[in-house]
Number of protein chains: 2
Amino acid sequence: MSQRKVISLESIRVACRHCTLASLCLPMGLESGDVERLDELIKRTRPLHRGDLIFRKGDRFKSLYVVKTGSVKTFAPSKEGAEQVLGFHLPGELIGLDAIERDTHVCSAKVLETSAICEIPFPRLEELTAIIPSLQHQMYRLLSKEIAHETDMLLLLGKKSADERLAVFLLSISKRLHKRGLSSTDFYLSMSRHEIGNYLGLAVETVSRIFTRFQEEGLMRVDRKHIEILDVRSLELLVGGAGQSRRQHQQHT
Amino acid sequence: MSQRKVISLESIRVACRHCTLASLCLPMGLESGDVERLDELIKRTRPLHRGDLIFRKGDRFKSLYVVKTGSVKTFAPSKEGAEQVLGFHLPGELIGLDAIERDTHVCSAKVLETSAICEIPFPRLEELTAIIPSLQHQMYRLLSKEIAHETDMLLLLGKKSADERLAVFLLSISKRLHKRGLSSTDFYLSMSRHEIGNYLGLAVETVSRIFTRFQEEGLMRVDRKHIEILDVRSLELLVGGAGQSRRQHQQHT
DNA sequence: ACCCTTGTTTGATCTGGATCAAGTGATCCT
DNA sequence: AGGATCACTTGATCCAGATCAAACAAGGGT
């Protein structure tokens with residue numbers, strides 16, 4: 001999702017309190033003294049490159065991870081090499097929350113482009129949350145947000161048409177980039193059509209065809225990974241449910 | 001999901017420490033002193049009846065809820081009266097976790113049969129978790145578990161065939177009843193075919209047809225809401241992915 | 001006991017997207 | 001630079017499951 005592919009080695013050493021993401025990330029709303037305490041336990045590793053794994057399914061759970069720059073996909077690999085893409089993660093987003101319960105990662109995380117990742121050892125974070133109420137609250141919020149988001153995805157996969165799914169996907173990326181100070185209408189996708197389709201429960205060919213059609217209809221311009229949103233309004237209408245999704249009977253009881 | 005429809009008015013007054021669910025529920029693993037402190041903040045209301053709402057989407061978030069007896073569905077209502085069923089909840093299961101972030105309920109919860117519900121005011125719970133580390137850990141675990149579970153559902157809705165979805169559903173109910181000391185092979189469903197289909201992203205007719213076919217194949221016996229699982233092994237094989245789901249290409253990068 | 005409403009089943013038909021098949025354009029490697 | 005591989009696009013066909021239609025069964029209320 002790089003607006004620019006250059007990443008500064010400088011920047012990855014910078015602490016939370018100087019990080020531009022602080023307002024989106026774990027430190028959100030903390031007092032500066034508390035941010036420093038959080039800072040102390042965060043490890044910043046050298047940048048990872050396209051295809052590198054942050055963790056894989058089955059690994060012992062030790063830490064949560066935050067994307068600092070770049071982008072990451074999480075996916076559930078199955079025996080036969082097939083997989084389900086579970087999410088795409090942009091800077092400031094927390095990864096690994098699903099591993100706490102089983103003490104084992106239940107999905108894998110792979111870097112989609114050169115990325116910097118912050119590592120947060122969970123046991124130490126847990127200790128810290130017990131003594132910083134606002135950090136504890138932030139953790140509950142982040143966990144809850146993840147649940148609410150997956151709930152939205154369930155609705156998407158259970159009830160929406162292919163067009164709606166793509167529209168939701170594009171608007172989601174667009175909004176998230178915007179929050180990070182990037183253009184909401186002109187960006188590069190760091191994931192392949194295949195990965196998009198997998199994520200949305202669609203075949204690659206369907207994704208490709210719909211992108212083409214959206215372009216013909218003047219909703220967007222597509223050139224390879226480069227996307228320009230031309231008509232946000234129409235995309236939003238599509239999502240709203242103008243083209244009435246799939247089966248929507250009235251309910252009972 | 002009632003093995004028996006009779007519920008004892010006596011039992012709903014009983015505190016956590018005498019509750020048979022304690023080992024599945026929030027108090028899991030707590031010391032008895034801590035259970036008592038938790039007990040003090042839990043409200044137990046009179047039983048609700050089929051169709052009653054525990055909360056509805058948009059309500060201010062104040063409490064989490066636990067099913068004590070009976071069963072509950074959560075669903076996201078949409079403007080036009082259509083809805084997406086998000087989950088079915090059995091005794092010991094916590095509801096409302098997705099509301100923490102927005103401070104507002106993002107789905108509604110409706111009782112499927114006469115049920116007793118425990119209410120846990122969240123602000124007080126949050127205070128308590130800050131001073132009882134094992135309770136805090138338990139909360140993280142429960143939130144994480146919810147995420148991991150929804151992740152499984154994403155895979156189900158994104159990649160699995162109708163047969164697999166039904167098999168997963170039946171085995172899930174079966175296992176959860178078993179954990180609660182009930183029969184895993186002989187039970188009553190408290191939800192309608194319509195709700196099952198909605199939950200699994202299938203039309204009612206498809207659910208009905210597959211139940212009929214499963215019966216013809218000797219996997220189960222179906223009589224209205226009454227289910228008898230005859231061949232767990234085969235259902236498990238179905239889930240494993242014998243009938244190879246949907247499109248499962250190899251992946252890239 | 002009977003009517004009405006609602007849930008369920010079964011059959012016939014339709015269709016959105018998956019699958020199959022090719023061709024084209026990028027990117028990478030030596 | 002040349003060749004191989006991989007990602008994407010486009011067209012043709014197929015099919016699992018949705019939708020439409022109808023009959024039936026069960027429970028609930030009066």
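It should be emphasised that the depicted structure is a prediction, and the values quoted were computed from it without experimental measurement. Residue numbering restarts at 1 for every chain, and letters A, B, ... go by the order of the sequence lines.
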### Task
Kindly say if K225(B) contacts the phosphate of dT8(C), meaning a side-chain N or O under 4.0 Å from OP1 or OP2.
yes
### Message
Whole angstroms only, please: what is the CZ-P distance between R193(B) and dC24(D)?
### Response
19 Å
#### Entry: T212(A) side chain near dT10(D) phosphate (N/O to OP1/OP2, under 4.0 Å)
yes
### Query
Where the side chain of S192(A) is defined as all heavy atoms beyond and including C-beta, which of dC8(D), dG17(D), dG17(C) is the nearest nucleotide?
dC8(D)
### Task
Just compare dT10(C), dG17(C), dG11(D) and give me whichever is closest to any side-chain atom of S208(B).
dT10(C)
### Task
Specify the separation, in whole Å, of atom CG of N198(B) and atom P of dG7(C).
13 Å
### Message
Using OP1 and OP2 only, check whether a side-chain N or O of R224(A) sits under 4.0 Å from dG25(C).
### Response
no
#### Entry: Residue among D98(B), L97(B), I95(B), L94(B) satisfying side chain to side chain contact (heavy atoms under 4.5 Å, CB included) with E146(B)
L97(B)
#### Entry: Nearest to side-chain heavy atoms of E205(A), which nucleotide of dT10(D), dG17(C), dC8(D)
dT10(D)
### Message
Centre-to-centre under 6.0 Å for F55(B) and F61(B), is that the case here?
### Response
no
### Message
Any donor-acceptor pair, under 3.5 Å, between the side chain of R165(B) and the base of dG17(D), if you only look at N and O atoms?
### Response
no
### Task
Could you label the plane-to-plane angle of the F88(A) and F169(A) rings as parallel, tilted or perpendicular, counting under 30° as parallel and over 60° as perpendicular?
perpendicular
### Task
For L200(A) and dG17(C), give me the distance from atom CG to atom P, rounded to whole Å.
12 Å
### Task
Grab the CD-C1' distance between E113(B) and dG27(D) for me, whole Å please.
17 Å
### Message
What I want to check is whether an N or O donor and acceptor connect the side chain of R209(A) with the base of dG11(D) at under 3.5 Å.
### Response
yes
## Note on the structure
Atom CG of D163(A) and atom P of dT15(C) are separated, to the nearest Å, by 17 Å
### Summary
H194(B) NE2 to dT8(C) P, in whole Å, measures 10 Å
### Query
What's the CG-P distance between L166(B) and dA16(D), to the nearest Å?
16 Å
## Note on the structure
Whole-Å distance, D223(A) CG to dT9(D) C1', equals 13 Å
### Query
Less than 6.0 Å separating the ring centroids of F75(B) and Y199(B)?
no
### Message
Let's see if you can work this out: which of dC8(D), dG17(C), dT9(C) has an atom nearest to the side-chain heavy atoms of A162(A)?
### Response
dG17(C)
### Message
Looking only at the side chains, is there a donor atom on one of S71(B) and S190(B) sitting less than 3.5 Å from an acceptor on the other?
### Response
yes
